[in-house]
Amino acid sequence: MGMSSLKLLKYVLFFFNLLFWFCGCCILGFGIYFLIHNNFGVLFHKLPFLTLGNVLVIVGSIIMVVAFLGCMGSIKENKCLLMSFFVLLLIILLAEVTLAILLFVYEQKLNSYVAEGLTESIHRYYVDNSTKAAWDSIQSFLHCCGVNHTSDWNRDPPASCPSEPGIKGCYMKTQEWFHSNFLYIGIIIICICMIQVLGMAFSLTLNCQIDKTSQAIGL
């Protein structure tokens with residue numbers, strides 16, 4: 001019974017992390033694509049590294065490393081790799097909880113900072129190609145114009161701005177989208193956290209099962 005439980009846990013954790021690893025590959029691929037094509041540029045001049053491509057590359061790389069440890073630790077029944085997998089998942093989970101708390105506490109300051117950064121980036125629209133490409137992409141995709149209103153543009157609005165009267169700003173439209181989809185975003189975040197907790201539980205259970213099996217066969 002012990003050996004069958006060990007094999008079941010081993011392969012469940014392996015395929016769980018294999019799927020996790022493929023997701024990391026996809027995210028990394030999208031990140032590299034955005035870095036090469038530079039579609040979204042830098043909208044926050046004070047944080048030049050904060051681009052969609054950089055964020056996706058970092059997130060994808062972390063997921064791939066963590067999933068690789070989980071795959072190798074489970075299939076090799078290596079306790080050191082399994083504990084490393086557990087610790088990394090725990091660190092990521094704690095970082096996510098800390099980030100959520102900070103976002104909740106400093107929500108107003110963050111909103112002000114984002115609005116100021118976007119307003120500043122508008123002034124660089126005609127002098128920086130990556131900023132121009134970013135604003136054109138955002139305005140076309142969200143069907144919006146400016147930060148809060150069309151009047152945010154000192155000159156005539158660019159061609160990427162919709163021509164309809166009463167068009168909303170991109171920052172306002174993003175906030176409206178976030179508030180209208182808050183429930184779905186919350187469900188997705190909870191599901192991600194549950195998957196991480198399940199991964200941690202599987203790794204600990206497999207670790208304990210390896211000890212019990214080793215003791216049973218006299219190792």
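It should be emphasised that the depicted structure is a prediction, and the values quoted were computed from it without experimental measurement.
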Take Thr119 and Asp152 through the side-chain contact (heavy atoms from CB on, under 4.5 Å) test and state the conclusion after the steps. CA-CA 8 Å; Thr119 303; Asp152 290 328; 5.9 Å; no
Apply side-chain contact (heavy atoms from CB on, under 4.5 Å) to residues Tyr113 and Lys109 and explain how you reach the verdict. CA-CA 6 Å; Tyr113 177 80; Lys109 289 186 177 179; over 6 Å; no
Between Asn17 and Phe85, is a side-chain contact (heavy atoms from CB on, under 4.5 Å) present by the stated rule, with each step listed? CA-CA 10 Å; Asn17 282 287; Phe85 171 72; 3.0 Å; yes
Walk me through it: do Cys161 and Cys145 pass the test disulfide (SG to SG under 2.5 Å)? CA-CA 5 Å; Cys161 268; Cys145 187; 2.0 Å; yes
Would you please test Ile167 and His149 for side-chain contact (heavy atoms from CB on, under 4.5 Å) and show each step? CA-CA 7 Å; Ile167 199 73; His149 198 269; over 6 Å; no
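Heavy-atom minimum distance, Ser84 versus Leu69: CB-CD1, 4.2 Å. In terms of heavy-atom proximity, Ser140 sits nearest to Asp136 at OG-O, 2.8 Å. The shortest non-hydrogen separation linking Gly24 to Met64 is C-CG, 3.7 Å. Across all their heavy atoms, Leu13 and Ser74 have their closest contact at CD2-CB, 3.8 Å. Contact detail for His123 and Val127: the closest heavy-atom pair is O-CG2, 4.4 Å.
Residue Trp153 qualifies as enclosed at atom CH2: its count of foreign heavy atoms under 6.0 Å is above 12. Atom OH of Tyr125 has more than 12 heavy atoms from other residues, nucleotides or ligands within 6.0 Å. The environment of OH in Tyr126 is crowded: more than 12 heavy-atom neighbours from other residues, nucleotides or ligands sit within 6.0 Å.
Without hydrogens or angle criteria, Asn111 side chain to Glu107 main chain gives a donor-acceptor distance under 3.5 Å. Distance alone, capped at 3.5 Å, is enough to place a donor-acceptor pair between the Gln139 side chain and the Gly146 backbone. A distance-only check finds no donor-acceptor pair linking the side chain of Lys10 to the backbone of Glu77 [under 3.5 Å].
Both Ile91 and Leu81 sit in one connected hydrophobic cluster of ILVMFWY residues. Membership requires side-chain heavy atoms under 4.5 Å apart, directly or through other members. Follow the hydrophobic side-chain contacts under 4.5 Å out from Leu93 and you reach Ile195 in the same cluster. Hydrophobic clustering (ILVMFWY, side-chain heavy atoms < 4.5 Å, transitive): Ile122 and Tyr171 are in one cluster. In the hydrophobic clustering of this structure, Val55 does not group with Phe178; members are Ile, Leu, Val, Met, Phe, Trp, Tyr whose side-chain heavy atoms approach within less than 4.5 Å, directly or through other members. Grouping the Ile, Leu, Val, Met, Phe, Trp and Tyr side chains by contacts below 4.5 angstrom, directly or via other members, places Leu19 apart from Phe15.
For the pair Tyr11 and Ile75, the minimum side-chain heavy-atom distance is below 4.5 Å. With contacts defined as side-chain heavy-atom distances shorter than 4.5 Å, the pair Met200/Leu90 qualifies. Proximity of Met83 to Leu204: side-chain heavy atoms (C-beta onward) are separated by under 4.5 Å at one or more points.
With values rounded to the nearest 0.5 angstrom, Thr174 atom OG1 is found 5.0 Å from Leu142 atom CG. The structure places OG of Ser61 at 5.0 Å from CG of Leu28, a figure rounded to the nearest 0.5 Å. The line from CH2 of Trp177 to CD1 of Ile185 is 4.0 Å long, rounded to the nearest 0.5 Å. With rounding to the nearest 0.5 angstrom, the NZ atom of Lys76 is 13.0 Å from the CG atom of Leu82. Of the inter-residue distances, the one linking Leu118 atom CG with Thr131 atom OG1 reads 11.0 Å to the nearest 0.5 angstrom. To the nearest 0.5 angstrom, Leu56 atom CG is 8.5 Å from Leu35 atom CG.
Ring-plane geometry between Phe16 and Phe20 is classed as parallel, the angle between the planes falling under 30 degrees on a 0 to 90 degree scale with a further cut at 60.
Side-chain contact of Trp135 with Ser121: a donor-acceptor pair under 3.5 Å is present, judged by distance alone.
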